[in-house]
Amino acid sequence: MKKLILLLFLVSTTAFVSCGNDDDSVSIEIDESLIPGDWNLTALTVDNGKTTTVAQGQSTTVDYTTVGKDFTMETSFIDSTDPNTYTSSGGYTAVITQNFVGQETTQEQPITDFLGSGEWRVEGNMLITTTSGVEQAAQITALNSETMSLKIEINESLEISGASVTTTGTLNYTLTRQ
């Protein structure tokens with residue numbers, strides 16, 4: 001169970017920079033000029049989360065949700081000549097609730113140095129970030145002069161101690177302009 005909690009913690013902290021199967025089926029027109037500036041993370045959730053572990057032929061699925069609190073993360077998106085850059089500092093506390101065979105547990109994990117820094121660009125309704133050479137995408141679901149909402153479909157597989165672990169869910173971020 002401790003390995004499962006560790007995996008959920010890892011997924012909730014790295015999802016922004018480690019997901020590749022984003023749903024861009026809902027398209028809104030993005031005014032890229034609204035992105036540069038200073039933003040605070042004000043909401044974070046993971047909905048419909050499932051972690052399936054397969055070990056020695058046995059499969060176990062745990063449902064989970066994550067809600068963020070105690071937000072201190074600030075991100076500055078800078079409109080540079082080329083490329084655009086961003087810097088981020090701070091973090092939040094992830095409140096992870098798991099349901100396994102009808103038994104619910106909740107654990108809080110502090111997340112520090114959440115995003116880091118790198119480059120950003122917009123393609124259609126996707127915000128693409130590059131951090132340490134790794135490119136990732138988040139669907140922009142809302143953007144105006146005060147709020148930016150991002151969505152990522154989590155679909156991540158890992159091998160941990162000989163077990164195959166797959167985590168899915170929908171990660172939602174809300175950023176509010178400073």
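Keep in mind that what you see is a predicted model, and the values were worked out from it rather than measured.
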**Request:** Quick one: do Ile140 and Leu150 satisfy side-chain contact (heavy atoms from CB on, under 4.5 Å)? Show the steps, please.
**Result:** CA-CA 5 Å; Ile140 302 170; Leu150 304 170; 3.7 Å; yes

**Message:** Testing the basics here: between Ser80 and Pro83, what is the closest heavy-atom pair and its distance to 0.1 Å?
**Reply:** CB-O, 3.0 Å

**Item:** Minimum heavy-atom distance Ser33-Asp31, with the two atoms named
**Value:** OG-OD1, 2.6 Å

**Non-hydrogen side-chain atoms of Thr75 and Leu41 separated by less than 4.5 Å** = no

**side-chain contact (heavy atoms from CB on, under 4.5 Å) partner of Val122, chosen from Ile35, Asn84, Leu143, Ile128** = Ile35

**Message:** Between Thr72 (side chain only) and Gly91 (backbone N and O only), is there a donor and an acceptor less than 3.5 Å apart?
**Reply:** yes

**Message:** Looking at Gln178, I want to see if its CD is surrounded by more than 12 non-hydrogen atoms of other residues, nucleotides or ligands under 6.0 Å.
**Reply:** yes

**Request:** Evaluate the criterion side-chain contact (heavy atoms from CB on, under 4.5 Å) for residue pair Thr106 and Val95; output intermediate values, then yes/no.
**Result:** CA-CA 7 Å; Thr106 300; Val95 181; 3.5 Å; yes

**Request:** Using the six-membered ring wherever Trp is involved, compare the ring planes of Phe77 and Tyr86 and label them parallel, tilted or perpendicular (cut-offs 30° and 60°).
**Result:** tilted

**Linked, directly or transitively: Leu127 and Ile30 (ILVMFWY side chains, under 4.5 Å)** = yes

**Item:** CZ on Arg121 to CD on Glu32, rounded to 0.5 Å
**Value:** 10.5 Å

**Thr131 and Gln136, any side-chain heavy atoms less than 4.5 Å apart** = no

**Message:** For a 4.5 angstrom cut-off between non-hydrogen side-chain atoms, does Thr60 reach Thr51?
**Reply:** no

**Message:** Can you tell me how far apart OG1 (Thr42) and CZ (Arg177) are? Round to the nearest 0.5 Å.
**Reply:** 12.5 Å

**Complete:** In terms of heavy-atom contacts, Asn144 and Glu146 come closest through OD1-N, 2.7 Å

**Asked** Can you check side-chain contact (heavy atoms from CB on, under 4.5 Å) on Asn155 and Thr166, steps first, answer last?
**Response** CA-CA 7 Å; Asn155 189 357; Thr166 301; 4.0 Å; yes

**Message:** Working note: Tyr64 + Val46, criterion side-chain contact (heavy atoms from CB on, under 4.5 Å); need CA distance, chi angles, decisive distance, verdict.
**Reply:** CA-CA 8 Å; Tyr64 75 94; Val46 176; 3.5 Å; yes

**Fill in**
Here the gap from Asn172 atom CG to Gln139 atom CD, rounded to the nearest 0.5 Å, amounts to 9.5 Å

**Short side-chain donor-acceptor distance under 3.5 Å, Thr170 and Glu153** = yes

**Gap separating the CD1 atom of Ile154 from the CD1 atom of Ile152, nearest 0.5 angstrom** = 7.5 Å

**Asked** Does one side chain, of Asp38 or Ser76, offer a donor that lies under 3.5 Å from an acceptor on the other?
**Response** yes

**Prompt:** Just how far is it from atom CE of Met73 to atom CG of Leu44, taken to the nearest 0.5 Å?
**Reply:** 9.0 Å

**Request:** Indicate yes or no for a side-chain donor-acceptor contact from Ser88 to the backbone of Glu74 under 3.5 Å, with no hydrogens or angles considered.
**Result:** yes

**Asked** Out of curiosity, Tyr173 OH to Trp39 CH2, how far, rounded to the nearest 0.5 Å?
**Response** 15.5 Å

**Asked** Do Leu34 and Leu175 share a hydrophobic cluster, counting only Ile, Leu, Val, Met, Phe, Trp and Tyr and linking them when any side-chain heavy atoms are less than 4.5 Å apart?
**Response** yes

**Item:** Gln103, CD: over 12 other non-hydrogen atoms inside 6.0 angstrom
**Value:** no

**Request:** Give a yes or no on whether the backbone of Ile78 and the side-chain of Trp120 come within a donor-acceptor separation of less than 3.5 Å.
**Result:** yes

